Amino acid sequence: MKIIYLHQYFLTPEKGGAIRSYHLAKSLVEAGHEVEVITSHNHPVYHFENVEGIKVHYLPVFYENNLNFIGRLLSFIKFIYRAYIKATEIEYVDLCYATSTPLTIGIIAIWLKRMYRIPFYFEVRDLWPEAPIQMGLIKNYFIKKYLFYLEKKIYKKATKIIALSPGIEESIKNIVPKKDIYLIPNFSDCVFFHPEEKTLRLEDKFNVKGKFVISYFGAIGKANHLEYLIDAALSLSKNKIEHIHFIIAGKGSELFMIKEKVKNLHLTNITFIGFINKYSLHEMLTITDAVYISFAKKPIMETNSPNKFFDALASGKLCISNTKGWTKELIEKNECGFYYDPEKPDDFINKIMPYTNVKNLLTTAQHNARMLAEKEFSKDIIVEKLLNLIENQKL
């Protein structure tokens with residue numbers, strides 16, 4: 001089968017970030033299918049690359065998280081046009097697999113369905129346009145009305161819909177109750193990530209020798225609201241709790257502001273190490289005791305399926321969530337971490353201290369995290385579900 005895979009932000013382990021599409025495309029190739037990914041990059045010219053059998057078309061469409069709404073919209077529109085032109089150059093296509101965000105990726109899929117008379121599957125990673133609306137990024141009434149219309153149209157035209165969390169699945173069912181919707185969450189790479197003992201070399205490299213390390217990695221944008229992490233760090237500092245240290249790895253529109261806030265508060269228990277790829281992340285997680293999962297306090301954020309959570313599970317780390325919803329329920333049900341009220345920093349101290357004082361409590365939670373990854377979210381389990389769906393077999 002020949003598949004056009006649409007993902008505006010396709011990434012590989014070397015580049016870092018979310019690599020679900022890389023693993024799915026690679027698995028499709030290994031299963032004997034031909035996959036052509038149409039994506040973008042921030043270079044001025046088109047680039048083609050064969051990535052482990054995946055034919056990847058990199059289109060010159062600039063995008064960064066720090067772009068304003070108009071800048072992002074122009075990037076989305078530019079990608080629609082260029083991706084469709086590139087797709088029309090590919091012959092004998094059997095299926096289009098389109099993954100959001102942005103929602104506008106679905107426009108290309110609809111056009112290709114009409115042109116090739118082929119099915120298209122639509123993978124929903126985040127709920128658009130509800131997420132940017134709740135975050136206050138989209139305020140114009142007519143734009144909101146059009147985006148809700150577009151969302152429903154894409155869902156109706158899609159042959160099958162893949163939802164990455166129960167909250168996303170439920171929301172889609174409310175919009176198109178008669179559609180086939182499949183819950184296939186993000187996965188834990190239990191081969192690449194696994195529990196490891198701390199080493200003095202890495203502790204020295206990250207300057208955290210003897211510390212209880214809590215890591216945050218990923219996007220640093222408005223939706224992530226890392227002010228909550230700073231509040232927790234400030235509360236620890238005020239209470240003279242010096243053995244807990246935060247590491248922040250990532251990039252985004254709020255990074256400068258977050259750094260300035262840490263500087264102005266004279267906090268010495270937070271270290272910034274910039275954006276890192278999966279190999280550097282593996283190193284960082286080796287000296288990490290707990291992973292911090294952060295989102296703004298908006299109802300829509302409770303539907304998320306954050307990659308960092310699944311990487312934390314695979315690595316066997318204590319999971320800390322400041323957001324209610326599916327992630328919180330999984331953490332509490334499987335006793336692999338805790339949720340705390342982010343607007344009450346002292347609640348963070350009360351919840352974290354037992355894990356720093358009682359070794360068995362920490363190791364048990366970390367073991368539970370790894371077991372959850374292996375039993376429910378391992379890459380092999382999730383990818384097999386996706387392959388079966390694409391190959392028209394039953395889940």
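If you're wondering where the values come from, they're calculated on a predicted model, not measured in any experiment. These values consider heavy atoms only, across backbone and side chains, with no hydrogens, waters or symmetry-generated copies.
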Can you list, pair by pair, the side-chain donor-acceptor contacts under 3.5 Å of residues 220-232, counting residues two or more places apart and other chains?
from, atom 1, to, atom 2, distance (Å)
N224, OD1, G221, N, 2.9
N224, ND2, Y216, OH, 3.3

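- Considering T268, N269, D289, T271 in turn, T271 is the only one that fulfils the side-chain hydrogen bond (donor to acceptor under 3.5 Å, both in side chains) rule with H245.
- Among L362, T288, N368, the one residue that satisfies the side-chain contact (heavy atoms from CB on, under 4.5 Å) test with L318 is L362.
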N/O donor to acceptor pairs below 3.5 angstrom from side-chain atoms of residues 200-212, sequence neighbours left out:
from, atom 1, to, atom 2, distance (Å)
K205, NZ, E283, OE1, 2.6
K211, NZ, E242, O, 2.7

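- Under the 30°/60° scheme for interplanar angles, the aromatic rings of Y340 and F348 are found to stand perpendicular.
- When hydrophobic clusters are built by joining Ile, Leu, Val, Met, Phe, Trp and Tyr residues whose side-chain heavy atoms come closer than 4.5 Å, directly or via intermediates, Y81 is not grouped with Y63.
- Around the OH atom of Y46, the shell of radius 6.0 Å holds more than 12 heavy atoms that belong to other residues, nucleotides or ligands.
- In this pair, F377 and W326 present their aromatic rings perpendicular. The plane angle is above 60°, beyond the 30 to 60° band.
- Relative orientation of the H7 and Y9 rings is perpendicular, given thresholds of 30° and 60° on the angle between their planes.
- Both the sub-6.0 Å distance and the 45° axial angle are satisfied by K259 relative to the ring of F272.
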**OP:** Take D341 and K351 through the salt bridge (charged side-chain N to carboxylate O under 4.0 Å, His left out) test and state the conclusion after the steps.
**Re:** CA-CA 10 Å; D341 186 341; K351 296 281 180 67; over 6 Å; no
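- Heavy atoms of other residues, nucleotides or ligands lying less than 6.0 angstrom from CZ of F256 number 12 at most.
- Look at E89 and K86 and you find a salt bridge, because one of the NZ, NE, NH1 or NH2 atoms lies within 4.0 Å of a carboxylate O, short of that distance.
- Side chain to side chain, E391 and H33 meet the donor-acceptor criterion of an N or O pair below 3.5 Å.
- Side-chain atoms of Q134 do not come within 3.5 Å of backbone N or O of K298 as any donor-acceptor pair.
- Here the two rings, on H23 and F187, have centers that are under 6.0 Å apart.
- Remark: aromatic rings of F192 and Y279 are close, center separation under 6.0 Å.
- Relative to the ring axis of F275, K251 places its NZ or CZ within 45° and under 6.0 Å from the centre.
- With no hydrogens or angles considered, no side-chain donor-acceptor pair links R20 and S305 at under 3.5 Å.
- Summarising the geometry of V124 relative to S100, their closest heavy-atom pair is CA-OG, 3.5 Å, with the distance given to 0.1 Å.
- Under the rule for a ring-ring contact (aromatic ring centres under 6.0 Å, His included), the partners of H194 that lie at least two apart in sequence or sit in another chain are H282.
- Remark: E335 CD is loosely packed, at most 12 non-hydrogen atoms of other residues, nucleotides or ligands lying under 6.0 Å away.
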